[in-house]
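Each chain gets a letter, A, B and so on, in the order its sequence line appears, and its residues count up from 1. Excluded from the calculations below are hydrogen atoms, water molecules and symmetry mates; all remaining heavy atoms, backbone and side chain alike, are included.
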2 protein chains.
Amino acid sequence: MFYTVGEAAKMLKVAPSALRYYDKEGLLPFVERSGGGIRMFKENDLEWLKLIGCLKATGMPIKGIKQFIECTIKGDETIDERLGILKAQRENVVKQIEQLKAHLEMIDYKVWYYQTAQRAGSTAAIEQLSADDVPEKYKKFLKK
Amino acid sequence: MFYTVGEAAKMLKVAPSALRYYDKEGLLPFVERSGGGIRMFKENDLEWLKLIGCLKATGMPIKGIKQFIECTIKGDETIDERLGILKAQRENVVKQIEQLKAHLEMIDYKVWYYQTAQRAGSTAAIEQLSADDVPEKYKKFLKK
DNA sequence: ATATAAGTTAAAGAATACTTTAAGTCAATA
DNA sequence: TATTGACTTAAAGTATTCTTTAACTTATAT
């Protein structure tokens, strides 16, 4: 069973032009063509595209993804390299999550700040608060 | 105590050109100038820049940040709007973290896959594995 | 057989976030 | 006072990731 670029795009919820772009950039060397030159996506190709989507969504640039795909084409001699790429990306993602959690704390503090300002009717009122009025977890954001 | 653009950039670990760009885009209306036209960053301006960095790192575009900054300039009449922006961004970040965690699982599966391939000396060997050989948490990534 | 929808390519365009360049000014030190 | 390093601006350049356009072809449905 095969899918055209439009069908595959719909299933993956991306634009057909995006899939053509990935192909042009060398990310889809495994996608075969019909006699007339039309791309024929197999079920397994969609799995590859899901991995590509995962790597993309976790910040890997197209060129990095291309390197990984090229490794899989080369075969078993690149197992170490592929593992290395994935381990690095894993650490990368762990750090991104940590970073986002830290940023979330700051945003939470600001939400608390404006909720408090909302009740008081002004932001000026907050500067008057004593340290005791600030929840413990937000104290680290206070400037002296 | 004031800092020049170069000093502020060093403290925030960004390029001076980035700070000038933010200024040009209207993100730093609070930064004052010397008689000669040189930017004078106050301690409090650096706090603002940390918030800008937080919003940027969590995916808010320059224009969105500009909107928030403009609200703070307008004053107390925009407390609701600012709170709305921050709450939306908060939800945004929560979703990003969830997404990254989901992607991390897929990467973890792939790491397991290539570690197993590494031991076997080939990826072909993995396709021969029975479902029992695949850790429970990775089974959802198996294609039938 | 023919019309039509969707496919193809190359090339140009768009959006975002900066960086670099060029020409000139400011401010601190010798 | 003169030099020097860092500042200023406007404008152009860069990188990335697609999208759009134009001209043409393929494949399907009547």
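- Linking Ile, Leu, Val, Met, Phe, Trp and Tyr whenever their side-chain heavy atoms come within less than 4.5 Å puts Leu83(A) and Trp48(A) in one cluster.
- Not one side-chain nitrogen or oxygen of Ser34(A) sits closer than 4.0 Å to the OP1 or OP2 atom of dG7(C).
- Looking at Ser122(B), its side chain does come within 3.5 Å of a backbone N or O of Ala125(B) through a donor-acceptor pair.
- Ring geometry for Phe141(B) versus Tyr109(B): interplanar angle under 30°, hence parallel rather than tilted (30 to 60°).
- A heavy-atom distance below 4.0 Å to DNA chain C is reached by these residues of residues 37-46 of chain A, ordered by number: Gly37(A), Ile38(A), Arg39(A).
- Here the P atom of nucleotide dC18(C) and the CG atom of Leu28(B) are 12 Å apart, to the nearest Å.
- For the pair Tyr22(A) OH and dT19(D) C1', the interatomic distance rounds to 12 Å; values are reported in whole Å.
- Placement of Leu19(A) and Met40(A) in two distinct hydrophobic clusters is found when ILVMFWY residues are connected by side-chain heavy-atom separations under 4.5 Å, directly or transitively.
- Listed by residue number, Thr4(A), Val5(A), Gly6(A), Arg20(A) are the residues of residues 3-20 of chain A with a heavy-atom contact under 4.0 Å to DNA chain C.
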- Give the intermediate values and the outcome of salt bridge (Lys or Arg N to Asp or Glu O under 4.0 Å) for residues Glu32(A) and Lys42(A). CA-CA 9 Å; Glu32(A) 293 176 30; Lys42(A) 298 181 290 293; 3.7 Å; yes
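- Separating the CD atom of Glu25(A) from the C1' atom of dA11(C) is a distance of 14 Å, rounded to the nearest angstrom.
- Under the 4.5 Å side-chain contact rule for hydrophobic residues, Ile38(B) and Tyr21(B) do not share a cluster.
- Rounding to whole angstrom units, CD1 of residue Ile62(A) and P of dT16(D) are separated by 10 Å.
- Shown are Lys139(B), Lys137(B), Lys140(B); of these, the salt bridge (Lys or Arg N to Asp or Glu O under 4.0 Å) with Glu105(B) is made only by Lys140(B).
- When side chains are defined from C-beta on, Asp23(A) does not count as touching Leu27(A), because their heavy atoms never get closer than 4.5 Å.
- Per the geometry, CZ belonging to Arg33(B) stands 13 Å off C1' belonging to dT25(C), to the nearest Å.
- What separates NZ of Lys66(B) from P of dC18(C) is a distance of 15 Å, to the nearest Å.
- Place Lys63(B) and Gly35(B) on DNA chain C by their nearest nucleotides, and Lys63(B) ends up nearer the 5' end.
- Note on Tyr21(B): every side-chain N or O is 4.0 Å or more away from OP1 and OP2 of dT16(C).
- When rounded to the nearest whole Å, the span between CG of Leu55(A) and C1' of dT17(D) equals 16 Å.
- Distance Ile65(B) CD1 to dT16(C) C1': 12 Å, rounded to the nearest Å.
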Please list every donor-acceptor pair under 3.5 Å in which a side-chain atom of residues 7-17 of chain A meets a protein atom from a residue at least two apart or in another chain.
residue : atom : partner : partner atom : Å
Glu7(A) : OE1  : Thr4(A) : N            : 2.9

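- When heavy atoms are screened at a 4.0 angstrom cut-off, Lys24(A) is found touching no nucleic acid atom at all.
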